[in-house]
Undergrad: 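Here it is, the structure in full.
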Number of protein chains: 2
Amino acid sequence: MTTDSRDSRRQRTESAILEAAGELFAETGYERTTIRTVAARAGIDPALVMQHFGSKEGLFAAVARWPDDHSRVLDASVETLPRAALEDLLGTFEAHGEREAAAALMRSCLTHPTATAVMRDEVMCERTAAVEALLDGQDVELRAALFGACMIGLGMARYLIELPALAAASHEDVVRLMEPVLRQLVDPA
Amino acid sequence: MTTDSRDSRRQRTESAILEAAGELFAETGYERTTIRTVAARAGIDPALVMQHFGSKEGLFAAVARWPDDHSRVLDASVETLPRAALEDLLGTFEAHGEREAAAALMRSCLTHPTATAVMRDEVMCERTAAVEALLDGQDVELRAALFGACMIGLGMARYLIELPALAAASHEDVVRLMEPVLRQLVDPA
DNA sequence: GTCTATATCTTGATAGAC
DNA sequence: GTCTATCAAGATATAGAC
C-alpha cells in the first residue's frame, strides 16, 4: 500500500507528471506537447501540472536534459575515445529515463530556442572541447566539431528519424562500423 | 515597370509568399511559423496565403523540399562518392533558394510528422539506397545508412544548430577533413 | 484578385470552491 | 492538494464585400 501523507501524494503526482512529460516531449517535441496531453497521460488534472512546474517551459526544463557522461570522455585517451563516445551515446538511449530526457532535448533542439542553446552550448560545445583537448596535429577544433556532428547525426538518424537500416541495427554493429570512422577524425594519420 | 495583368500580379504575389515562407520555415520551423508572419514578411494580406495555398500544410509542402542532387550521387564511383556527396550538401546550403527549401525540411524533420516521413523515406532512404548500390563487402546496408547519418549530422550541426567551430569553417576545410571519414564507410579496407 | 471581418478552435495560464 | 470553471491570446480557416 502506498501511504497517503501529503508529501508522498505530492511526490507520486510529480513523478507521474515527469514520466508522462518525458515521453511526450521525446515523442512529439516541445510545440506539439500540451499541458493537457501530459496531464491526461499522467492521469491527473491539467492544473496540477502548473501547480508543480509553474509553466510549460518549467516543465520542459525539468525534463529535457542530457544525461551524465557514462563513458568519461574526459578520462579517455586518443585510443579509447571513439568507442567510449559511441558506448555513451548508445547507452544513453538504451537506459529507460535517460532515453526520454535525451530524446526530449534532441527532438526539440532544431525548433525550440532554449533547447537549441542547451544542445549547442552545454552539450556539444562542452563535449567537443573535451575531445579537442585529446587531439594532436592540425585543425583540432574543426575535427572535434565534426566528431560531434557525426555523433549527433547518428543519434538523430537512429533514434528520432528512425532510418530503418540504422534503427534496426544492433548496438554491436553500429559501434564496430562507426569506431574506425570516428578514429579517422581523432587520428587522421 | 511591372505589368499589372491579373496573371503577373498573381505570380508576383505567389513568389513573395514563397520567398517569405521559405525563410520563416527555415529559420523557425513549421510550428512557430504562422500564416500571419508569412503574410507580414511578404507584405500582403494573410487571406491571400490561404487563397494561393489552401492551408498552412499546403504552403509548407510547396516550400519544404530537398533540392535535386547536384553531384549525381547515382553516377558517382566508390572513389568519387564521398567528395560528391559533400559538395552536394554544402552546395545546396550555399545556393540561395535551395538553402531555404532544404533548411525548412531539415528544421522540421524531427517534429513535423510529414517532414519526418519525407526526410526519412524520400531523402535519406533514397540516397542511402544509391550509396548502397556502390558498395562492396559486408554490411553494405548499414554502412550506407551510417553514411547518411553522418551527412545529416553535418548539415544540422553546421547550418541549423550552428556549432561555432563548424559554422565558421570554410567549405574547403570541411570537405577536406570529412572526405576520408566518409571514405572509411565506403571502403573500410 | 484583394482585403475586412469573423467564426471556430486550441492553447497556456488563473481564480477560487472544496 | 486537487479539480471546476474560465480567461485571454493566438492560431487556422472561411464568408463575403469591394
Side-chain angles (χ1 to χ4, degrees), chain A residues 1-22 24-25 27-64 104 107-108 111-115, chain B residues 1-22 24-25 27-64 104 107-108 111-115:
Chain A
M1 284 297 146
T2 55
T3 71
D4 260 20
S5 74
R6 290 157 303 204
D7 278 11
S8 72
R9 264 198 79 74
R10 186 176 176 83
Q11 248 183 353
R12 273 191 298 141
T13 297
E14 196 157 302
S15 296
I17 296 172
L18 285 172
E19 187 175 343
L24 284 165
F25 282 134
E27 289 167 13
T28 62
Y30 181 84
E31 323 284 346
R32 298 182 107 89
T33 299
T34 69
I35 301 280
R36 285 169 166 83
T37 59
V38 169
R41 181 169 298 201
I44 52 95
D45 189 275
L48 278 176
V49 178
M50 303 301 295
Q51 182 76 10
H52 282 255
F53 296 96
S55 69
K56 185 181 175 183
E57 284 287 346
L59 178 61
F60 184 71
V63 162
R107 177 82 67 188
S108 298
T111 47
H112 187 280
T114 304
Chain B
M1 283 301 142
T2 56
T3 72
D4 260 20
S5 74
R6 288 157 306 208
D7 278 12
S8 73
R9 264 198 80 75
R10 187 176 176 83
Q11 247 183 354
R12 274 192 295 140
T13 298
E14 197 157 301
S15 295
I17 295 172
L18 285 171
E19 187 176 343
L24 284 164
F25 282 134
E27 288 167 14
T28 62
Y30 182 84
E31 321 286 346
R32 300 182 107 88
T33 299
T34 69
I35 302 281
R36 285 170 165 83
T37 59
V38 169
R41 182 170 297 202
I44 51 94
D45 189 275
L48 278 177
V49 178
M50 304 300 296
Q51 181 77 8
H52 282 255
F53 297 97
S55 68
K56 184 181 175 181
E57 284 287 344
L59 178 61
F60 184 71
V63 162
R107 176 83 66 188
S108 297
T111 47
H112 187 280
T114 304

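Reminder, nothing fancy here: chain letters follow the sequence lines and each chain counts from 1. Quick note: numbers below take in every heavy atom, side chains included, and nothing from hydrogens, waters or symmetry partners.
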Undergrad: With a cut-off of less than 4.0 Å, is there a side-chain N or O of B/T13 near OP1 or OP2 of C/dT2?
TA: yes

Undergrad: Whole angstroms only, please: what is the CZ-P distance between A/F25 and C/dG12?
TA: 9 Å

Undergrad: For nucleotides 3-8 of chain D, which of its nitrogen or oxygen atoms have a protein nitrogen or oxygen under 3.5 Å away, and what is each distance?
TA:
from, atom 1, to, atom 2, distance (Å)
D/dC3, OP2, A/D45, N, 3.3

Undergrad: What nucleotide, of D/dT2, D/dA13, C/dT2, holds the atom closest to the side chain of B/S55?
TA: D/dA13

Undergrad: Ignoring hydrogens and angles, tell me if any N or O in the side chain of A/T111 forms a donor-acceptor pair with the backbone of B/G29 under 3.5 Å.
TA: no

Undergrad: So, B/S108 side chain and B/A115 main chain: donor-acceptor pair closer than 3.5 Å or not?
TA: no

Undergrad: Report the distance from atom NZ of B/K56 to atom C1' of C/dC9, rounded to the nearest whole Å.
TA: 14 Å

Undergrad: If I take atom CD1 in residue A/I17 and atom C1' in nucleotide D/dT2, what distance separates them, rounded to the nearest angstrom?
TA: 11 Å

Undergrad: Which is more 5' along DNA chain C, the nucleotide nearest B/H52 or the one nearest A/M50? Just name the residue.
TA: B/H52

Undergrad: Write down the distance between OH (A/Y30) and P (C/dT11), rounded to a whole number of angstrom.
TA: 13 Å

Undergrad: Toward the 5' end of DNA chain D, which comes first, A/R10 or B/T34, by nearest nucleotide?
TA: A/R10

Undergrad: Does any part of the side chain of A/F60, heavy atoms only, come nearer than 4.5 Å to the side chain of A/T33, both counted from C-beta?
TA: no

Undergrad: Please state how far atom CZ in A/F53 lies from atom P in D/dT2, giving the value in whole angstrom units.
TA: 12 Å

Undergrad: Looking at B/Q11, I'd like to know if its CD atom is crowded, meaning that more than 12 non-hydrogen atoms belonging to other residues, nucleotides or ligands lie closer than 6.0 Å.
TA: no

Undergrad: Could you state the atom-to-atom distance from CD of B/E31 to P of C/dT10 in whole Å?
TA: 15 Å

Undergrad: Using a 4.0 Å heavy-atom cut-off, does B/T37 contact any base of the nucleic acid, only the sugar-phosphate backbone, or nothing at all?
TA: nothing

Undergrad: Please list all pairs meeting salt bridge (charged side-chain N to carboxylate O under 4.0 Å, His left out) that have one or both residues in residues 39-51 of chain B, counting only residues at least two apart or in different chains.
TA: B/E23-B/R41, B/E27-B/R41

Undergrad: Of the nucleotides D/dT2, C/dT11, C/dT2, which has the atom closest to the A/R9 side chain?
TA: D/dT2

Undergrad: What distance do B/R107 atom CZ and B/L24 atom CG have between them, rounded to the nearest 0.5 Å?
TA: 11.5 Å

Undergrad: Do B/E31 and A/H112 have side-chain atoms, one donor and one acceptor, less than 3.5 Å apart?
TA: no

